[in-house]
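Read through the structure below, which is laid out as structure tokens, and then see the notes.
Both ligands and their constituent atoms are indexed starting at 1 by order of listing.
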Amino acid sequence: MLFSLRKTPAGSEAQPLLDLADRLGYRARFLGAGRRVLELVREDGTPGDAADRSRFEDFALVAGVLDASDAPERTERRADRKATVVRVGDAVFSDDTVSLIAGPCAVEDQDDLIEIAAGVREAGATLLRGGAFKPRTSPHAFRGLGEAGLEMLVRAREATGLAFVTEVLDPRDVELVAGAADALQIGSRSMSNQVLLREAASSGKPILLKRGLAATVREFLLAAETVLDAGNPNVILCERGVRSFDSVTRNLLDLGAVAHLTTATHLPVIADPSHAAGKSHLVPPLARAALAAGAAGLIVEVHPAPHTVHSDGAQAISIETFAELAAAARAIAPLVGRRFIDGTDSRPLRVTEPDLAPRAIERTAP
Ligand code: PEP
Ligand code: MN
């Protein structure tokens with residue numbers, strides 16, 4: 001590890017840092033004429049540890065890590081590391097598959113939710129999405145149905161056999177949401193919330209991590225690194241568009257990042273064309289482009305009556321349009337060396353009448 005120092009250390013100024021290095025088993029050497037670079041090498045020759053590195057970075061004397069591009073070690077794709085395969089219900093997110101996630105932005109109505117779940121599964125989706133806890137830009141906007149929304153998702157899973165992913169916003173809700181959901185979404189607005197990332201990771205459920213509105217790819221990978229560091233290897237990265245100067249789309253879908261990430265990390269990378277587009281007619285072309293760029297799947301907002309919903313109606317596509325999009329995904333997947341995981345191939349779809357009795361969601365202790 002190489003650290004640049006803010007100034008030439010005077011007297012015993014570097015001593016606390018050197019003491020820590022000694023305790024952790026590193027040999028220290030000052031480099032450069034002004035002793036402004038510090039090299040730390042493990043005595044047993046093994047590479048430095050990311051956790052150690054951040055302890056050294058905390059010293060006021062340390063200006064930065066000179067090999068910072070290597071920092072997200074655990075997310076890095078390396079020849080000696082197998083690509084991560086994340087399974088949620090029937091969906092498989094990996095190096096050589098395409099899986100589709102679809103559903104409403106927010107859970108608002110039980111019958112609509114079951115209609116959507118059945119429709120998207122019949123079209124080929126393998127995972128249902130829907131927010132019970134909604135992050136909103138305005139404090140006055142609809143914030144989701146909370147626990148009642150989770151119960152609706154549980155009933156939709158029972159009725160259609162489709163597993164679901166839903167967002168958790170608050171570390172205090174992780175046990176509750178993880179007690180119901182098959183995977184946890186960490187939304188854009190929460191990407192850099194370390195406390196939430198660690199708490200969600202410790203639930204053991206797969207994490208669908210969305211890129212922050214203005215996060216660099218490196219910051220995105222470091223957020224994923226936090227989940228891996230907390231002992232949860234099952235992370236799906238999701239590019240959902242970043243802030244741009246142009247309002248023609250809601251966000252700018254960064255397909256360069258998708259293409260880059262598929263080579264830079266062993267984690268599966270999917271795309272969310274809905275929050276990128278902001279307008280329903282732009283969702284299918286962005287979805288096709290993301291798959292062509294190498295995405296391992298898509299998460300798409302679908303609603304049969306978008307004018308009735310409280311959140312993101314303008315970007316919701318119909319079940320019919322989703323079926324066309326799934327057909328395109330089936331065609332594109334083999335062209336980019338991937339196998340389409342088809343919801344229509346799994347257990348026969350038998351939509352059962354929902355049992356409307358309250359569902360007791362058991363909190364999972366981490
Ligand atoms: C969502 O998935 O509905 C959502 C709020 O997404 P994002 O965090 O990407 O804005
Ligand atoms: Mn939404």
Minimum heavy-atom separation for L253 and R240, please, with both atom names.
CD1-C, 4.3 Å
Could you check if a side-chain atom of L325 sits within less than 4.5 angstrom of a side-chain atom of L298, using non-hydrogen atoms only?
yes
Which of the numbered atoms in ligand 1 are under 4.0 angstrom from any heavy atom belonging to [X]?
X    : result
E301 : 1 (C), 3 (O)
G187 : 8 (O)
C105 : 3 (O)
S188 : 7 (P), 8 (O), 9 (O)

Counting only heavy atoms not in [X] (residues, nucleotides, ligands), do more than 12 fall under 6.0 Å from its [atom1]?
X    : atom1 : answer
R243 : CZ    : no
R143 : CZ    : no
R87  : CZ    : no

Can you tell me if G131 contacts ligand 1 (heavy atom of the residue under 4.0 Å from the ligand)?
no
Any Q185 heavy atom less than 4.0 Å from ligand 1:
yes
At the Mn ion (ligand 2), NE2 of H275 and OE2 of E301 open up to roughly (10° bins) 90°
Which residue and heavy atom of the protein sit nearest [atom], plus the separation:
atom                   : result
atom 4 (C) of ligand 1 : H275 NE2, 3.4 Å
atom 6 (O) of ligand 1 : K210 NZ, 3.0 Å
atom 9 (O) of ligand 1 : R240 NE, 2.7 Å

Taking the six-membered ring for Trp, are the ring centroids of F3 and F59 within less than 6.0 Å of each other?
no
Using only atom types and a distance under 3.5 Å, with no angle test, would you say the side chain of K279 pairs donor to acceptor with the backbone of S274?
no
Is the Lys NZ or Arg CZ of R35 less than 6.0 Å from the centre of F30's six-membered ring, within 45° of the axis?
yes
Proximity of P135 to ligand 1 by residue part, where a heavy atom lies under 4.0 Å:
side chain
Looking at D312, pick out the N, O or S atom nearest to the Mn ion (ligand 2) and give its name.
OD2
